[in-house]
Structures are given as C-alpha cells and as structure tokens.
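Beneath this line is the structure, given in structure tokens, with notes to follow.
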Amino acid sequence: MTFSARVKAELCRTGLNRACCAAAEAYGVLLYANTFSAKEIKIITASPDFAQRLPRLWKRAFGADSGFDAVSANTGSKTVFFMQDAEKIRTVFARYGYDAAATVAHHINLGMLEEDCCRVSFLRGAYLAGGSITDPEKGYHLELVTDHKNVSGEMFSILLELGFSPKDTMRAGHYVIYFKQSEAIEDFFTLIGAPNAAMEIMSARVEKDMRNAVNRRVNCDSANADKIVSAAQAQLEQIRKIERETGLENLPEDLREVALLRIANPEASLADLALLSPGGMSKSGINHRMRKLMAYKADAAQD
C-alpha cells in the first residue's frame with residue numbers, strides 16, 4: 001500500500017458520530033469531487049477505504065433515502081459513485097443552502113462550518129475527494145484540487161485562519177492549493193485525523209536530515225583529506241627541490257627536523273606531525289616551520 005493510500009485509510013477510520021460533522025465532511029467531498037452540479041454528482045476514488053466509507057457517510061449526512069443511484073468499478077481499479085436523480089440532488093443542494101436550479105458557481109457556505117469539529121471534518125472530506133500526497137521518502141508535496149475557483153479561494157482563506165501558509169496555482173483548468181513544507185503537512189494531517197501519517201512524515205524528515213548531515217560530514221572530511229594530501233605533496237616537492245639544490249644537511253636544524261618528519265609521514269596532517277614530532281611540538285609550531293620551509297630559497301644556505 002502506498003503512503004497516499006495509507007493516509008486515506010487512516011482518515012477513513014474516523015468515526016461518523018455527529019450528523020453535523022458527517023454533513024460537513026460530505027460537503028468537502030462534494031466541492032472537491034469530480035462533478036457536483038444540478039444534473040449530476042460523480043465521485044471517483046482509487047481508495048477502497050474511502051469507497052467503503054462514502055455510502056455510510058452519505059446515509060449519515062443525508063438520510064437513508066439519499067443514497068447513490070449507482071456504484072461501479074472501472075478497469076483502473078477505481079470506484080465511481082453516480083447520482084443523477086433530480087430529487088436526490090435537490091436534497092443534497094438544499095442541505096447546504098443551495099438552490100439546485102439557480103446555482104451557477106459554488107461557494108463555501110461558512111454557516112456549515114461554524115463548529116471547529118465541522119471545519120475539521122470539511123477539510124477531511126476535501127482531502128479524501130481531491131487530495132494527494134507524495135511519498136515523504138521522495139519529497140514533501142500535499143495538494144487539494146477542485147474545479148471551483150471560488151471554493152479554492154475560500155478554502156485558502158480557511159487554511160490561513162487555521163494558521164497554515166498554503167500556496168495556490170492553476171493547473172490544466174483545475175485550482176490547486178498545496179503545501180511543500182513537511183511541518184505544515186504534518187500539522188494538516190494531525191488536524192484532520194491522520195496522526196500516524198504525520199508521524200511517518202516526521203520520521204522520514206528526521207532520517208533524511210540525519211542522512212544529509214552524515215553526507216555533509218563525509219564530504220567535508222573528504223575535502224579536508226584532499227587538502228591535507230595536496231598540501232603534503234607540495235611540501236614534499238619543496239623538500240626534494242631543496243635536497244637536490246643544497247642538500248637537507250644545509251637546512252637550519254628546526255627546518256631539517258620538520259622536513260625529515262614530513263618525508264617519514266608523507267600523508268599525515270600537521271596535527272598528526274605534531275603528535276609524531278620527537279620534541280612534542282604543537283600544531284602551530286609545525287605549521288610555522290613548514291611555512292618557513294616552503295619559503296626557503298636555495299641561496300639562503302649560502303648566506
């Protein structure tokens with residue numbers, strides 16, 4: 001089961017205890033469904049858990065006589081719920097203060113969402129019908145998609161009031177609200193009834209942060225090692241040049257000591273050379289002598 005499917009399965013385990021909350025959840029479903037018009041209501045879902053929940057949700061929200069006209073499963077393993085009975089559609093519209101015959105463009109009737117529990121249920125319904133989430137192992141992207149411009153704008157305002165900072169866009173004639181911050185997605189799922197999904201995202205984020213930290217440390221260590229090797233090679237080349245031109249025996253004693261130490265330890269860092277030095281020199285002392293050695297001129301031995 002994909003992460004997206006697990007999220008919807010968890011949401012569908014939420015009880016349908018209060019009729020007002022069931023109506024609010026069904027409202028979110030309708031406004032984010034495939035079709036919500038005076039002629040037809042059509043809801044398509046690939047979630048078997050949502051497909052099982054929807055008839056029970058409908059019965060709790062609209063009564064036993066307002067069930068779907070037909071339910072069918074197509075070849076894409078999706079379930080399609082149809083309603084074309086004019087009287088049933090009028091009942092659904094009336095539940096939300098709409099006149100089916102006069103409605104041109106949908107708006108969110110905020111009177112249906114006065115209670116906090118109903119507002120949460122509305123968001124849950126919107127996500128079940130029009131929401132999607134990427135696998136948190138790959139990235140963070142949650143979106144809510146509807147065909148209704150006004151609904152998307154009003155949903156944006158609701159989310160702002162709840163403390164979220166969503167983004168919005170338009171894609172192929174659909175209106176999209178989305179989140180790309182893992183913390184916002186975690187908070188959203190916790191709010192609408194999927195705390196386990198929120199924990200999965202949090203765990204994935206922590207693991208990813210730790211993995212990135214390790215990679216940064218490895219890369220940093222690798223870069224430092226490369227610098228150490230490069231510096232050591234330059235020092236060895238200078239020592240060989242001095243050996244060819246004047247001989248190491250003509251170096252001052254302090255420089256000859258550090259030159260011989262480098263020859264004996266061609267890849268060691270300055271800190272390691274300090275530990276290996278017979279006199280127990282400090283790293284800064286080794287560095288000071290190495291700088292003098294690198295600046296040493298062949299004619300200096302003749303002065």
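FYI, the numbering just counts along the sequence from 1.
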What about [X] and [Y], same hydrophobic cluster or not, with Ile/Leu/Val/Met/Phe/Trp/Tyr joined at side-chain heavy-atom distances under 4.5 Å?
| X | Y | answer |
| --- | --- | --- |
| Phe82 | Trp58 | no |
| Phe122 | Phe62 | yes |
| Ile192 | Val176 | no |
| Phe164 | Val145 | no |
| Ile201 | Tyr178 | no |

For [Y], does its backbone N or O pair with a side-chain atom of [X] as donor and acceptor, under 3.5 Å?
| X | Y | answer |
| --- | --- | --- |
| Arg262 | Ala268 | yes |
| Ser152 | Lys149 | no |
| Arg90 | Ala100 | no |
| Tyr127 | Gly28 | no |
| Thr134 | Gly139 | yes |
| Ser203 | Met199 | yes |
| Asp49 | Lys8 | no |
| Thr246 | Asn250 | no |
| Tyr96 | Ala23 | yes |
| Thr146 | Leu31 | yes |

Test Ile44 against Lys42 for side chain to side chain contact (heavy atoms under 4.5 Å, CB included), laying out the working first.
CA-CA 7 Å; Ile44 302 174; Lys42 181 165 67 176; 4.2 Å; yes
Shortest non-hydrogen contact between [X] and [Y], atoms and distance:
| X | Y | value |
| --- | --- | --- |
| Asn150 | Ala105 | ND2-CB, 3.8 Å |
| Phe179 | Ser165 | CE2-C, 4.2 Å |
| Pro252 | Tyr296 | CD-CE1, 4.0 Å |
| Leu191 | Val120 | O-CG1, 3.1 Å |
| Pro266 | Ile263 | CD-O, 3.7 Å |
| Leu11 | Ala194 | CD2-CB, 3.7 Å |

Start with the C-alpha distance between Val258 and Asp254, add both sets of side-chain angles, then the distance that settles side chain to side chain contact (heavy atoms under 4.5 Å, CB included), and finish with yes or no.
CA-CA 7 Å; Val258 79; Asp254 60 338; over 6 Å; no
Do [X] and [Y] have side chains that get closer than 4.5 Å, going by heavy atoms?
| X | Y | value |
| --- | --- | --- |
| Leu261 | Ser277 | yes |
| Glu257 | Leu251 | no |
| Glu200 | Asn196 | no |
| Phe188 | Leu159 | yes |
| Met155 | Tyr175 | no |
| His288 | Arg291 | no |
| Glu10 | Pro195 | yes |

Ring-plane angle category for Phe93 and His106, please: parallel below 30°, perpendicular beyond 60°, tilted otherwise.
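Because their plane-to-plane angle lies in the 30° to 60° range, the rings of Phe93 and His106 count as tilted.
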Just do the side chain to side chain contact (heavy atoms under 4.5 Å, CB included) check on Ile158 and Leu110 with the steps written out, would you?
CA-CA 9 Å; Ile158 290 172; Leu110 296 177; 4.0 Å; yes
Looking at [Y] and [X], is any side-chain nitrogen of the basic one under 4.0 Å from a carboxylate oxygen of the acidic one?
| X | Y | result |
| --- | --- | --- |
| Arg240 | Glu237 | no |
| Arg205 | Glu186 | yes |
| Arg60 | Glu25 | no |

Can you see whether Asp272 engages Ser269 through a side-chain donor-acceptor pair at a distance of less than 3.5 angstrom?
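Side chains of Asp272 and Ser269: pair found under 3.5 Å.
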Any side-chain donor-acceptor pair under 3.5 Å between Ser284 and Ser282?
yes
Within a radius of less than 6.0 Å around [atom1] of [X], do more than 12 heavy atoms belonging to other residues, nucleotides or ligands occur?
| X | atom1 | result |
| --- | --- | --- |
| Arg13 | CZ | yes |
| Asn219 | CG | yes |
| Lys88 | NZ | yes |
| Glu267 | CD | no |
| Glu115 | CD | no |
| Met170 | CE | yes |

To the closest 0.5 Å, what do you measure between [atom1] ([X]) and [atom2] ([Y])?
| X | Y | atom1 | atom2 | answer |
| --- | --- | --- | --- | --- |
| Asn109 | His107 | CG | NE2 | 11.0 Å |
| Gln238 | Met290 | CD | CE | 10.5 Å |
| Leu54 | Thr45 | CG | OG1 | 8.0 Å |
| Gln181 | Leu142 | CD | CG | 11.0 Å |
| Met83 | Ser37 | CE | OG | 12.0 Å |
| Leu113 | Cys21 | CG | SG | 10.0 Å |

Excluding sequence neighbours, so at least two apart, what forms salt bridge (Lys or Arg N to Asp or Glu O under 4.0 Å) with Glu253?
none
Before we go on, tell me: are the rings of Tyr27 and Phe36 under 6.0 Å apart, centre to centre?
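No: the rings miss the under 6.0 Å criterion.
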Check step by step if side chain to side chain contact (heavy atoms under 4.5 Å, CB included) holds for Leu16 and Arg53.
CA-CA 9 Å; Leu16 296 171; Arg53 180 181 181 83; 3.1 Å; yes
